[in-house]
Enquirer: 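Take this structure, written in structure tokens, and hold onto it; I'll ask about it next.
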Amino acid sequence: PQQTSPRVEPVIGLIGGSGLYDIAGLEEREWRRVATPWGEPSDALLFGRLAGVRCVFLPRHGRGHPAPPSALNYRANIDALKRAGCTEVISLSAVGSLREDLPPGHFVIVDQFIDRTFAREKSFFGCGCVAHVSMAHPVCARLGDALEEAARGLGLPVARGGTYLVMEGPQFSTKAESELYRSWRCDVIGMTNMPEAKLAREAELCYATVAMVTDFDCWHPEHDAVTVEQVVKVLFANAEKARALVRAVVPGLGAPRGLCPQGCDRALDNAVVTAPEK
Ligand code: ADE
């Protein structure tokens with residue numbers, strides 16, 4: 001019999017700050033706890049439908065008592081979304097800008113990361129089962145295309161492509177660090193997208209990030225230091241735009257589709273290290 005390629009019914013996972021899920025038009029809303037072998041996710045997951053498309057929201061830092069980026073259980077968060085049936089994950093994250101032409105309020109659909117985190121569990125694989133997935137292209141271009149189109153349609157200030165430097169925090173960078181990252185031609189800096197992106201790849205999820213600029217970090221001659229006050233002010237304005245972006249992008253992602261052209265959904269096919277045959 002002729003082989004037909006499998007059809008995927010997309011379920012859209014969304015990871016973001018609190019308030020992202022307060023989205024007009026989200027129907028059949030239900031908060032549900034999802035247990036994982038990796039421990040507790042940041043919060044319960046909000047299941048619902050936007051324009052008929054199944055969505056699952058995860059508040060990255062949890063509602064209520066916020067957890068710092070180093071303390072998040074990234075493995076539990078990604079695994080919970082996988083267990084909830086998600087096929088794609090859109091990550092919305094606040095970042096500082098390392099470029100003059102990316103002022104606060106801009107959104108960057110990044111396509112690369114530099115992972116400078118060091119105090120987080122970074123893999124589902126360890127003793128007993130070893131796998132090395134490719135991270136050469138960490139972002140799903142199909143999701144990136146959809147996000148770019150939706151953002152441009154809304155007239156949001158958006159850049160396509162860019163490198164996100166992920167730092168450990170929780171302190172912001174020194175000026176020397178900020179300038180070093182600029183010399184590496186990084187575009188934005190934040191604390192949350194690693195190991196999230198690596199784990200999404202290991203979980204064979206299509207993954208994309210919308211980095212939302214809140215500040216100029218400390219390299220900028222007119223912005224000598226980052227302050228939480230300044231970040232939070234822009235954060236609220238960005239959250240409104242983020243909700244609009246989610247409402248615009250989700251309907252177009254819901255149609256049944258074939259396999260991911262980039263192979264995000266088959267990342268483990270050639271990645272697992274097995275014992276040599278005797
Ligand atoms: N999140 C928002 N702004 C940031 C900055 N300047 N550095 C690191 N993380 C951030």
Side-chain angles (χ1 to χ4, degrees), residues 14-20 42 58-62 65-74 77 89-120 122 138-139 147 151 156-159 162-198 207-243 245:
L14 296 131
I15 308 179
S18 50
L20 174 69
S42 298
L58 172 63
R60 182 184 282 112
H61 300 273
H65 299 290
S70 302
L72 299 182
N73 189 339
Y74 293 92
N77 284 354
V89 171
I90 296 172
S91 164
L92 295 118
S93 315
V95 294
S97 171
L98 298 170
R99 265 175 45 188
E100 184 78 57
D101 59 345
L102 294 175
H106 267 60
F107 285 12
V108 185
I109 300 162
V110 301
D111 59 358
Q112 283 296 334
F113 294 97
I114 292 181
D115 183 5
R116 295 257 304 168
T117 65
F118 51 81
R120 308 170 186 198
K122 292 196 185 185
V139 169
L147 285 163
L156 298 178
V158 66
T163 299
Y164 174 149
L165 186 131
V166 195
M167 60 178 288
E168 187 61 52
Q171 303 83 0
F172 291 118
S173 307
T174 65
K175 197 159 182 226
E177 287 165 338
S178 195
E179 277 163 2
L180 175 69
Y181 305 147
R182 271 166 58 75
S183 80
W184 290 352
R185 294 189 294 142
C186 298
D187 301 289
V188 292
I189 180 163
M191 302 179 193
T192 54
N193 271 218
M194 282 293 180
E196 200 176 86
K198 289 176 173 170
Y207 179 89
T209 290
V210 182
M212 306 181 292
V213 176
T214 54
D215 56 84
F216 266 120
D217 207 42
C218 63
W219 62 271
H220 197 286
E222 285 149 43
H223 303 268
D224 197 37
V226 188
T227 66
V228 169
E229 187 193 5
Q230 166 197 10
V231 168
V232 168
K233 209 167 99 192
V234 183
L235 204 73
F236 280 114
N238 282 352
E240 188 64 46
K241 291 188 269 182
R243 285 191 288 266
L245 180 57

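Only a predicted model underlies this, so the values are computations on that prediction, with no experimental measurement involved. Both counts, for ligands and for their atoms, begin at 1 and track the order of listing.
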Enquirer: Of all residues at least two apart in sequence or in a different chain, which pass the side-chain contact (heavy atoms from CB on, under 4.5 Å) check with Asn77?
Expert: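 Result, side-chain contact (heavy atoms from CB on, under 4.5 Å) vs Asn77: Pro41, Ser42, Leu58.
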
Enquirer: Report the relative orientation of the aromatic rings in His223 and His220; use parallel for angles under 30°, tilted for 30 to 60°, perpendicular for over 60°.
Expert: perpendicular

Enquirer: Sort out the contact shell of ligand 1: every protein residue with a heavy-atom distance below 4.0 Å, listed by chain and number.
Expert: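 Residue list for ligand 1: Ala94, Val95, Gly96, Met167, Phe172, Ile189, Gly190, Met191, Thr214, Asp215, Asp217, Val226.
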
Enquirer: Mind jotting down which residue pairs meet the side chain to side chain donor-acceptor pair (under 3.5 Å) criterion with at least one end in residues 103-115? Sequence neighbours excluded, please.
Expert: Asp115-Thr117, Asp115-Lys122, Asp115-Lys198

Enquirer: Can you measure from CD (Gln171) to CE (Met191) and round to the nearest 0.5 angstrom?
Expert: 8.0 Å

Enquirer: Just to verify, which of Thr209, Leu102, Val95 counts as forming a side chain to side chain contact (heavy atoms under 4.5 Å, CB included) with Val108?
Expert: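 The residue from Thr209, Leu102, Val95 that satisfies side chain to side chain contact (heavy atoms under 4.5 Å, CB included) with Val108 turns out to be Leu102.
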
Enquirer: Sequence neighbours left out, what passes ring pair (Phe, Tyr, Trp, His ring centres under 6.0 Å) with Phe113? Give chain and number order.
Expert: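 Phe113 satisfies ring pair (Phe, Tyr, Trp, His ring centres under 6.0 Å) with Tyr164 only.
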
